[in-house]
Amino acid sequence: ILDISQFLQNTRAMEANARGYMLTGERHFLLEYKEAREQNIRALNEIAALLQDNSIQESRVEALKGHFAEKAQVMDEYLALGHDRVFSDA
């Protein structure tokens, strides 16, 4: 339960830090986004390890991993575009 709670908290932190970076261009938001992203990857791997003996739950975790990877990719692309916009206007 703690791992999934941490996962949700980190996902919210990713979103908030992405917005902060896009609005301000301040690098610390980007660094905090990346840290939350890495923590989520670790949390999902830990959850998967705990559920490896339950094939139904394991398939759900794999689906969640896929959804998270898609979301993270979109956010990464969004941040890359924002980085170009923020720093090209300077």
Side-chain angles (χ1 to χ4, degrees):
I1 295 174
L2 291 177
D3 288 330
I4 199 69
S5 294
Q6 188 64 44
F7 175 81
L8 294 172
Q9 183 179 357
N10 287 337
T11 301
R12 286 188 295 271
M14 286 174 61
E15 293 167 345
N17 284 302
R19 283 190 303 271
Y21 179 69
M22 293 298 292
L23 291 171
T24 67
E26 292 180 20
R27 186 162 173 77
H28 73 92
F29 287 114
L30 184 59
L31 297 175
E32 290 178 26
Y33 163 83
K34 288 180 179 181
E35 179 59 29
R37 186 179 190 275
E38 290 304 313
Q39 287 177 2
N40 265 359
I41 291 168
R42 286 192 298 271
L44 285 172
N45 289 334
E46 289 173 16
I47 292 167
L50 291 170
L51 298 174
Q52 65 186 358
D53 61 341
N54 184 325
S55 61
I56 294 171
Q57 294 294 346
E58 187 176 27
S59 66
R60 290 177 180 160
V61 171
E62 289 305 314
L64 181 57
K65 281 182 169 182
H67 293 304
F68 174 73
E70 289 173 14
K71 179 181 183 83
Q73 181 178 357
V74 168
M75 291 179 75
D76 289 348
E77 291 170 3
Y78 173 75
L79 289 170
L81 290 173
H83 179 272
D84 293 343
R85 180 191 58 81
V86 167
F87 292 103
S88 68
D89 292 344

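Keep in mind that this is a model prediction, so the values were computed, not measured.
Residue Ala48 comes nearest to Val61 through the heavy atom pair CB-CG1, 3.8 Å, listed as atom of the first residue, atom of the second, then distance. Between Tyr33 and Met14 the shortest heavy-atom distance is CD1-O, 3.4 Å.
Hydrophobic clustering (side-chain heavy atoms under 4.5 Å, transitive across Ile, Leu, Val, Met, Phe, Trp, Tyr) keeps Leu50 apart from Ile4.
Evaluation of the ring pair (Phe, Tyr, Trp, His ring centres under 6.0 Å) test over residues 40-61, restricted to residues two or more places apart or in two chains, returns none. Note on residues 48-61: no pairs pass side-chain hydrogen bond (donor to acceptor under 3.5 Å, both in side chains), not counting sequence neighbours.
Put simply, the residue from Leu23, Thr24, Leu30 that forms a side chain to side chain contact (heavy atoms under 4.5 Å, CB included) with Glu26 is Thr24.
Note that the CD atom of Gln6 and the OG1 atom of Thr11 stand 9.5 Å from one another [nearest 0.5 Å]. His28 contributes atom NE2, which lies 15.0 Å from atom CD of Glu35 (distance to the nearest 0.5 angstrom). Here the CG atom belonging to Asn17 is positioned 8.5 Å from the CE atom belonging to Met75, to the nearest 0.5 angstrom.
Remark: Lys71 engages Glu15 in a salt bridge (charged side-chain N to carboxylate O under 4.0 Å, His left out) (not counting sequence neighbours). In this structure, Glu70 has no side chain to side chain donor-acceptor pair (under 3.5 Å) partners at least two apart in sequence or on a different chain. Evaluation of the ring pair (Phe, Tyr, Trp, His ring centres under 6.0 Å) rule for Phe29 yields no partner, not counting sequence neighbours. In terms of the salt bridge (charged side-chain N to carboxylate O under 4.0 Å, His left out) criterion, Glu46 has no residue partners (sequence neighbours excluded).
Residues Asn10 and Phe7 have side chains not in contact (no heavy-atom distance under 4.5 Å, counting atoms from C-beta outward). Side-chain atoms of Asn45 and Lys65, non-hydrogen and from C-beta on, do get closer than 4.5 Å to each other. Here the side chains of Tyr21 and Leu31 are not in contact, with every heavy-atom distance at 4.5 Å or above.
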